Amino acid sequence: MARELLGSLLVRRIGDQTLSGRIVETEAYKGLEDPASHAYKGDRGRAKIMFGEVGHAYVYFTYGNHFCVNVVAKDTKTPAGAVLLRALQPVEGVDVMAKNRGLAEPRDLASGPGKLTRALSIDRSFYGADLTVKGALYIAEGWVEPVERVGVSPRIGIKKAADRPWRFFLEPNVFVSRYRSRT
DNA sequence: CACCCGATTATCT
DNA sequence: GATAATCGGGTGT
């Protein structure tokens with residue numbers, strides 16, 4: 001699913017305003033067998049949602065400053081799993097995203113998991129939200145085949161299970177995260 | 001571009 | 001008390 005989500009559109013509606021971005025970077029997190037996953041310790045706490053319905057949002061707060069958003073994803077035999085959305089290519093409402101971020105440069109607006117939630121005003125109120133139905137936050141229907149290639153690398157910013165190549169990104173693409181991103 | 005660091009809080013030991 | 005699925009600002013090459 002981390003691969004499949006590349007190229008699809010994440011949409012945030014606020015009143016009559018629409019903000020959206022094309023997903024250009026993702027990371028896969030498994031459950032009980034993935035030491036880097038928040039679901040590694042089981043069906044409890046904030047990770048509870050990762051054991052729930054696919055297509056729902058797992059939003060968590062980290063480093064005392066940032067929210068990150070995941071899409072719950074797993075097959076029917078797997079108890080838990082999610083895909084972290086790491087970067088967006090801004091599409092609609094770029095001016096509002098710039099305002100939310102206090103920046104003007106499009107490539108810096110959503111090029112990181114904490115940046116994209118700030119750009120789209122995504123916070124813990126979306127914990128558990130169903131991203132498959134058109135609401136305040138959803139993934140649009142009509143997935144478009146990416147024209148870019150899919151690059152693969154180890155996941156970023158983790159220490160446990162850091163060897164697993166479960167980060168996926170479209171390349172060439174200037175909107176992917178650049179901190180500590182080596183391909 | 002590479003590396004370093006402080007901010008700030010939920011979660012775990 | 002320590003760590004963390006991060007970011008932005010700083011320094012030095």
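Basis for what follows: all heavy atoms, side chains included, without hydrogens, waters or symmetry-related copies. Quantities reported herein were computed from a predicted structural model and do not represent experimental measurements. Note on naming: letters A, B, ... go to the chains in the order of the sequence lines (proteins, then strands), and numbering restarts at 1 for each one.
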Polar pair under 3.5 Å, donor/acceptor by atom type, side chain A:Tyr63, base B:dA7: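 It does not, because no donor-acceptor pair links the side chain of A:Tyr63 to the base of B:dA7 below 3.5 Å.
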Watson-Crick or G-U wobble mate for B:dT8, both contacts under 3.5 Å: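 WC or wobble partner does not exist here.
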Identity of whatever pairs with C:dA5 - Watson-Crick or G-U, under 3.5 angstrom: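 Pairing partner, where one exists within any strand: none, as none qualifies.
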Ignoring backbone atoms, establish whether [X] has a side-chain N or O less than 4.0 Å from OP1 or OP2 of [N].
X: A:Lys115; N: C:dG8; result: yes
X: A:Lys41; N: B:dT13; result: yes
X: A:Arg86; N: C:dT6; result: yes
X: A:Arg44; N: B:dC12; result: yes

Stepwise side chain to side chain contact (heavy atoms under 4.5 Å, CB included) test for A:Leu170 and A:Val176: CA-CA 8 Å; A:Leu170 296 179; A:Val176 301; 5.8 Å; no
What does [X] touch in the nucleic acid at a heavy-atom separation under 4.0 angstrom: a base, only the sugar-phosphate, or nothing?
X: A:Arg118; value: nothing
X: A:Leu84; value: base
X: A:Gly64; value: base

For [X] and [N], what is the distance between atoms [atom1] and [atom2] respectively, to the nearest whole Å?
X: A:Ile156; N: C:dA4; atom1: CD1; atom2: C1'; value: 15 Å
X: A:Met50; N: C:dA5; atom1: CE; atom2: C1'; value: 10 Å
X: A:Ile158; N: C:dT6; atom1: CD1; atom2: P; value: 9 Å
X: A:Asn65; N: C:dA4; atom1: CG; atom2: C1'; value: 12 Å
X: A:Ile122; N: C:dT6; atom1: CD1; atom2: C1'; value: 15 Å
X: A:Leu116; N: C:dC7; atom1: CG; atom2: P; value: 8 Å
X: A:Arg46; N: C:dA4; atom1: CZ; atom2: P; value: 11 Å
X: A:Phe67; N: B:dT11; atom1: CZ; atom2: P; value: 11 Å

Is there a chain of hydrophobic side chains (I, L, V, M, F, W, Y, each step under 4.5 Å between heavy atoms) that links [X] to [Y]?
X: A:Phe51; Y: A:Phe126; result: no
X: A:Tyr60; Y: A:Val83; result: no
X: A:Val11; Y: A:Leu85; result: no

Along DNA chain C (nearest heavy atom to each residue), the more 5'-positioned of A:Lys159 and A:Arg101: A:Lys159
Check ion pair A:Arg86-A:Glu27 (N to O, under 4.0 angstrom): yes
Parallel, tilted or perpendicular, as decided by the 30° and 60° cut-offs, for the rings of A:Phe61 and A:Phe67: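 A:Phe67 and A:Phe61: tilted rings.
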Comparing A:Arg124 and A:His66 on DNA chain B - which has the more 5′ nearest nucleotide: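 Comparing both residues, the 5'-ward one is A:His66.
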Stacking check A:Phe61 vs B:dA10 (5.5 Å / 30 deg):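 A:Phe61 ring does not meet the centre or angle cut-off for B:dA10; no stack.
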